[in-house]
Amino acid sequence: MSSESLDPRYTIKGATAEQQQAVDMLARQFLLTDERLAGIIKEFRRRMEEGLAADGKMMKMIPSFVTRRPTGTETGSYYAIDLGGTNLRVLKVTLDGKGGATSMHQKFTLPEEAKSRTLFDFIAQCVETFLDDHNIRPTGHQPPINMGFTFSYPVQQTSINSGTLVQWTKGLNVPGCVGRDVVRLLQDALLRLGLRVKVAALVNDTVGTLLSAAYADPSSQMGIIFGTGTNSAYYESASNIAKWKGPNPKSGEIVLNIEWGAFDSDEFSVLPFTPHDIKLDRKSINPRKQAYEKMISGMYLGEIARNIVLWLADQRLLLDGRSSEILNDMWSVDTSYLSSAAVDNSPDLSEIQQIIEKTLNVPNSTLVDRQIFKVISLLVGERAARLSSVGVVATLTKRPDLLNNHINIGIDGSMYEHYPDFERIMSETVSHFIPEEQFKNITFNCAKDGSGVGAAIVAMLAEQN
Ligand code: BGC
């Protein structure tokens, strides 16, 4: 392919021939044609089927034990604990009976010690603080408070409120938890503090997102997180889940947590790996795992870009071969820098200058350097948005009957909310693979705060049962 046929946005004004050649090479590596995407979607579907048939496969397809839909008319206040990668929130969610919910929450930052050792005791302490600050700690005579627990990591669920951790993903790595029941671990920590709190439901954040979207709009079929990590949950008909040994639900449906971040893990057979992705993977805490997540989600995109920057600098094609202590540090390029760079349209690319010179501490960037930084941000971000459509298309086309009526998809996460053009590129790419008549039945909606609100809704459904 000649450089002329590449997107004109990738032409660097004032670049040397070597610089332009290197940028063109990157552009070709990051380009994902529809034809290539079609092959990836096909493999994604095959892996979904494999995960529905048996446990222990690449895509875990985990039954969540949620078999009902909220009607949107439920009222009352429910509690939830929402554990993300960096923060923990304890919430009181009030459902208004008209599909709306308000929440009051307290947010806690996970200290390093909690991330590597004392996680469950830390969570219990936060719950205690919340109960005391709001004067709602139950005494010996009062019934315990039921709480939903959003746990955004892969868990093999064994009931609505039990399940064993399959592996840590994203930033957490607390030893001694894999293979153990995370509700038991939390319940024990709560008991140690003498708190009358019962963990009534264990909920993946995608399941929470789906349930909170379904409370607002009963036609919701999928919940997706495009954030620090990525994953999705959807309503699957129980008869399609060959491995399901539990009772056939009255509704005929079960919410499945796909754990799609694991797609192409170990095999690395279809995703468009570049040397920069491989370098990231090798140095991550979970090499060869979460392959799809590592190309899409906020935890990783900045690091892919950092690898590219250093690769160019090492050839003296960027920053005159210079680097800095900060730039040499893994994870020093936050994905939010790419979001800012992608939309910097100022004549001298001043936002990017700020990032390179002040934040990353590499002085004297040229306009050519800044243009190249912008192209890197566009390439990494747009590949992520196009690849995100793979999971959406594969899931939607699994239940094509649903596409004949309006269906809503609830989405939450920083990539979806803040990455420039992420939603537009993702949904436009989806439209290339779904017939127009059906595509117009789909709405994508931001399910803000879905994981916390959803956990409270699942706790409510569990209580009703
Ligand atoms: C986890 C999922 C989670 C997703 C989004 C992934 O790393 O494996 O369980 O839903 O991140 O938070």
Side-chain angles (χ1 to χ4, degrees), residues 47 51 57-66 80-89 110 115 119 148-157 163-174 177-178 182-183 201-213 222-234 255-266 280-281 284-301 303 335 384 387-388 391-392 395 409-419 422 446-455 458:
R47 294 295 184 177
K57 299 295 178 189
M58 175 193 282
M59 305 264 267
K60 297 280 175 295
M61 309 295 287
I62 302 168
S64 67
F65 289 79
V66 174
I81 303 163
D82 182 5
L83 174 70
T86 41
N87 292 312
L88 174 88
R89 291 182 315 149
L110 291 180
K115 287 189 193 168
L119 180 68
F149 178 30
T150 303
F151 188 74
S152 313
Y153 298 87
V155 162
Q156 192 62 54
Q157 254 178 282
T164 51
L165 177 63
V166 178
Q167 65 183 54
W168 287 114
T169 58
K170 301 173 285 193
L172 284 200
N173 202 7
V174 188
C177 299
V178 171
V182 292
V183 173
L202 172 64
V203 187
N204 184 265
D205 52 353
T206 57
V207 177
T209 301
L210 171 54
L211 270 284
S212 85
M222 272 181 95
I224 308 180
I225 301 282
F226 291 123
T228 310
T230 184
N231 186 20
S232 171
Y234 73 109
V255 174
L256 278 188
N257 164 13
I258 303 178
E259 283 298 331
W260 76 20
F263 175 60
D264 213 21
S265 292
D266 296 313
L280 174 148
D281 178 67
S284 66
I285 58 160
N286 49 358
R288 301 204 66 94
K289 302 291 175 212
Q290 299 297 99
Y292 185 53
E293 175 163 276
K294 285 175 180 158
M295 284 189 191
I296 289 185
S297 70
M299 163 130 188
Y300 302 101
L301 300 192
E303 181 60 14
T335 298
L387 267 180
S388 296
V392 181
T395 312
I409 301 182
I411 310 184
D412 199 4
S414 49
M415 287 300 296
Y416 182 75
E417 259 195 278
H418 305 303
Y419 210 95
F422 187 91
C446 184
K448 186 92 196 89
D449 205 15
S451 54
V453 171
V458 179

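Remember, it's 1-based here, ligands and their atoms both numbered in the order they're listed.
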Item checked: Proximal protein residues to ligand 1, non-hydrogen atoms under 4.0 angstrom -> Ser152, Tyr153, Pro154, Thr169, Lys170, Asn204, Asp205, Thr206, Ile225, Gly229, Thr230, Asn231, Glu259, Gln290, Glu293
Note to self: Show the nearest heavy-atom pair for residues Thr150 and Ser451, with the distance to one decimal.
What the structure shows: OG1-O, 3.0 Å
Next item on the list: Measure up the Phe422 and Tyr419 rings against each other and bin them: parallel (under 30°), tilted (30 to 60°), perpendicular (over 60°).
Entry: perpendicular
Note to self: Does this structure show an ion pair linking Glu417 with Lys448, if we count only N-O contacts that are shorter than 4.0 Å?
What the structure shows: yes
Item checked: Result of checking Arg288, Lys289, Arg47 against Asp266 for salt bridge (Lys or Arg N to Asp or Glu O under 4.0 Å) -> Lys289
Notebook entry, point to check: With sequence neighbours excluded, what pairs up with Tyr416 under the ring pair (Phe, Tyr, Trp, His ring centres under 6.0 Å) test?
Noted result: none
Notebook entry, point to check: Given Lys294 and Asn286, is the side-chain hydrogen bond (donor to acceptor under 3.5 Å, both in side chains) satisfied, shown in steps?
Noted result: CA-CA 10 Å; Lys294 285 175 180 158; Asn286 49 358; 3.2 Å; yes
